[in-house]
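Shown next, in structure tokens, is the structure this report addresses.
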Amino acid sequence: MRESVIYQDILQQGLKQGQKQGLKNSIVDTLEIRFGLVSMEISQRLDELTIEQLQRLHRQAVICGSVEEFISQLG
């Protein structure tokens with residue numbers, strides 16, 4: 001069972017989804033520590049991004065000067 005292509009595909013999808021959720025949570029936590037409560041709009045926009053985009057934005061959440069500056073990086 002573990003060797004099947006379908007099983008491996010489902011496992012990979014789950015791992016990617018977990019990584020994506022973890023990055024999103026880290027971004028939201030960072031923004032909340034720095035600037036206060038994060039709006040639902042920002043949270044929803046983060047849901048639409050790829051892992052690579054979230055990785056870039058995580059760095060931006062750490063160095064940005066304001067939540068507005070962060071939002072401008074969302075595109």
Worksheet item: Under the side-chain contact (heavy atoms from CB on, under 4.5 Å) criterion, do D29 and V38 qualify, and how do the steps go?
Response: CA-CA 9 Å; D29 287 347; V38 170; over 6 Å; no

Practice prompt. Establish whether Y7 and L15 are linked, either directly or via other cluster members, by ILVMFWY side-chain heavy-atom contacts under 4.5 Å.
Written response: yes

Worksheet item: Hey, quick one: are V62 and L49 part of the same hydrophobic cluster, counting side-chain heavy atoms closer than 4.5 Å, chains of contacts allowed?
Response: no

Fill in: Minimum-distance pair of heavy atoms, taken over all atoms of R56 and Q73
NH2-O, 3.4 Å

Practice prompt. Give the minimum heavy-atom separation between I27 and F70, together with the two atoms involved.
Written response: CG2-CZ, 3.6 Å

Could you state the interatomic distance from [atom1] ([X]) to [atom2] ([Y]), rounded to the nearest 0.5 Å?
{"X": "I71", "Y": "L57", "atom1": "CD1", "atom2": "CG", "result": "11.5 Å"}
{"X": "Q21", "Y": "L54", "atom1": "CD", "atom2": "CG", "result": "9.5 Å"}
{"X": "E69", "Y": "F35", "atom1": "CD", "atom2": "CZ", "result": "7.5 Å"}

Item to complete: Name all pairs fulfilling the side chain to side chain donor-acceptor pair (under 3.5 Å) condition that reach into residues 30-45, sequence neighbours left out, sorted by first residue then second.
Response: K24-S43

Worksheet item: Does CD1 belonging to I6 count more than 12 external heavy atoms closer than 6.0 Å?
Response: no

Practice prompt. Give a yes or no on whether the backbone of D47 and the side-chain of K20 come within a donor-acceptor separation of less than 3.5 Å.
Written response: yes

Worksheet entry | Q8 and Q13: CA distance, side-chain angles, deciding distance, side-chain contact (heavy atoms from CB on, under 4.5 Å) verdict | CA-CA 9 Å; Q8 291 299 321; Q13 288 177 6; over 6 Å; no

Worksheet item: Who passes side chain to side chain contact (heavy atoms under 4.5 Å, CB included) against S26, sequence neighbours left out?
Response: H58

Worksheet item: Are T50 and Q53 linked by a side-chain donor-acceptor pair shorter than 3.5 Å?
Response: yes

Discussion item. Using side-chain heavy atoms (C-beta onward) and a distance below 4.5 Å, is L46 in contact with L74?
Written reply: yes

